[in-house]
Amino acid sequence: MALINVAAREIHCKIVYYGPGMSGKTSNLQYIHSQVPKETKGELLSIATETERTLFFDFLPLDLGKVRGFQTRFHLYTVPGQVLYERTRVAVLSGADGVVFVADSQKHKLEENIRSLRELAVNITRQNKRFQDFPVVLQYNKRDVPGALPVATLDKYLNTLGWQRFEATATNGAGVFDTLKAISKLVISKL
């Protein structure tokens, strides 16, 4: 839920990058952080294991200017995708204003993508929110991988609700800012 501080004229929104392990959630935030001007971003915090997989979250306060006279800041988080970190995903998702679901385009990851998306739906619903109305943008990441599933196949299994979706290669930034802009607009329109 967005935090609106009337006295300070600020709106703080939380966007969570959600998806299966190693799908590119952290790569998205790392790319955004590397490209955004210094004066509009905070420090990128990451807690990772020896294998460099996100264990808790990345946090990036991103200043996106004013909305109706209020300074708007987006706080971007990732969740750990590994199955054993479900409680952490639930905790990070709590209070989110929008979600970017990062799907791995590799064929052998399709079932993992489906399971992760189903889990997201359950977790949003448990927060007393209607999943169908919740701001979600899909990102089909790793489009540069040989044998990546066709977008039509990914849409068939992951995009039954007709969300905006973007093809991406987070490691080189392709589609990363398009995804961020889309979820930012959805969140602001919900406010």
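Model, not experiment: these values are computed from the prediction. We count residues from 1, following the sequence as given.
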Problem - Intermediate values then yes/no, side-chain contact (heavy atoms from CB on, under 4.5 Å), Tyr77 and His75 - result: CA-CA 7 Å; Tyr77 292 78; His75 301 274; 3.8 Å; yes

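- Among all heavy-atom pairs drawn from Arg143 and Leu149, the shortest one is NH1-O, 2.7 Å.
- Residues Gln106 and Lys142 form a side-chain contact, since some pair of their non-hydrogen atoms from C-beta on lies under 4.5 Å apart.
- At a threshold of 4.5 Å between non-hydrogen side-chain atoms, the residues Leu110 and Leu154 count as touching.
- One finds the NE2 atom of His108 at 10.0 Å from the CG atom of Asn113 (value rounded to the nearest 0.5 Å).
- Checking side-chain atoms of Lys25 against main-chain N and O of Pro80 turns up no donor-acceptor pair under 3.5 Å.
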Handout entry: side-chain contact (heavy atoms from CB on, under 4.5 Å) evaluation trace for Ile15 with Ser184
Key = CA-CA 8 Å; Ile15 295 175; Ser184 299; 4.2 Å; yes

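- There is no path of hydrophobic side-chain contacts, each under 4.5 Å, that joins Val145 to Leu138.
- Under the 4.5 Å side-chain criterion, counting only non-hydrogen atoms from C-beta, Val137 is in contact with Phe166.
- The side-chain heavy atoms of His12 and Thr72, taken from C-beta on, include no pair separated by under 4.5 Å.
- For Asp178, there are no salt bridge (Lys or Arg N to Asp or Glu O under 4.0 Å) partners at least two apart in sequence or on another chain.
- Atom-to-atom distance recorded for Thr78:OG1 and Gln30:CD is 9.0 Å, nearest 0.5 angstrom.
- Grouping the Ile, Leu, Val, Met, Phe, Trp and Tyr side chains by contacts below 4.5 angstrom, directly or via other members, places Phe177 with Tyr17.
- Every residue two or more places apart in sequence or in another chain that forms a side-chain hydrogen bond (donor to acceptor under 3.5 Å, both in side chains) with Gln127 is listed here: Lys129.
- The pair Arg115-Glu112 fails the salt-bridge criterion, with no side-chain N (NZ, NE, NH1 or NH2) lying under 4.0 Å from an Asp/Glu carboxylate O.
- Residues that satisfy the ring pair (Phe, Tyr, Trp, His ring centres under 6.0 Å) test with Tyr157, not counting sequence neighbours, are absent from this structure.
- Side-chain contact between Ile32 and Leu44 is absent, with no heavy atoms from C-beta onward closer than 4.5 Å.
- Phe74 does not carry Lys14 over the face of its six-membered ring by the limits of under 6.0 Å from the centre and within 45° of the normal.
- Partners of Glu119 according to the side-chain contact (heavy atoms from CB on, under 4.5 Å) rule, which considers only residues two or more places apart in sequence or in another chain, are Tyr18, Glu86, Arg89, Asn123.
- Put simply, NZ on Lys190 and SG on Cys13 are 13.0 Å apart, with the number rounded to the nearest 0.5 Å.
- If you chain together hydrophobic residues whose side chains sit under 4.5 Å apart, Leu3 and Ile183 never meet in one group.
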Exercise for the section: Please lay out, stage by stage, how Asp104 and Tyr140 fare under the test side chain to side chain donor-acceptor pair (under 3.5 Å). Expected result: CA-CA 6 Å; Asp104 190 321; Tyr140 298 153; over 6 Å; no

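- For Arg87, there are no salt bridge (Lys or Arg N to Asp or Glu O under 4.0 Å) partners two or more places apart in sequence or in a different chain.
- By the 30° and 60° cut-offs, the orientation of the rings of Phe131 relative to Trp163 is perpendicular.
- The two residues Asn5 and Phe70 come nearest to each other via the heavy atoms O-CE2, 4.1 Å.
- Atom CG of Asp155 sits about 10.0 Å away from atom OG1 of Thr160, to the nearest 0.5 Å.
- Between Ile188 and Ile11 the shortest side-chain heavy-atom distance does not fall below 4.5 Å.
- Taking all atoms of both residues into account, the shortest heavy-atom contact from Gly175 to Gln139 is O-NE2, 3.9 Å.
- Note on Leu161 and Val16: same hydrophobic cluster, where clusters join Ile, Leu, Val, Met, Phe, Trp and Tyr whose side-chain heavy atoms are under 4.5 Å apart, directly or indirectly.
- Closest heavy-atom contact between Leu158 and Ala103: CD1-CB, 3.7 Å.
- Across all their heavy atoms, Ser116 and Pro20 have their closest contact at OG-N, 3.5 Å.
- Note: Asn172 CG to Asp144 CG = 6.5 Å, rounded to the nearest 0.5 Å.
- By the salt bridge (Lys or Arg N to Asp or Glu O under 4.0 Å) test, Asp97 pairs with no residue at all, sequence neighbours left out.
- Shortest non-hydrogen contact noted between Lys41 and Val36 is NZ-O, 3.2 Å.
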Exercise for the section: Apply side-chain contact (heavy atoms from CB on, under 4.5 Å) to the pair Ser23 and Val102, showing each step before the final yes or no. Expected result: CA-CA 6 Å; Ser23 62; Val102 181; 3.8 Å; yes

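- Counting heavy atoms from C-beta on, the side chains of His33 and Tyr31 never come closer than 4.5 Å.
- With values rounded to the nearest 0.5 angstrom, Thr125 atom OG1 is found 9.0 Å from Arg130 atom CZ.
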Exercise for the section: Report the C-alpha distance between Val176 and Leu180 in whole Å, list the side-chain angles of each, state the deciding distance to 0.1 Å, and finish with yes or no for side-chain contact (heavy atoms from CB on, under 4.5 Å). Expected result: CA-CA 6 Å; Val176 170; Leu180 178 60; 5.7 Å; no

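- Side-chain contact between Gln164 and Leu186 is present, with heavy atoms from C-beta onward closer than 4.5 Å.
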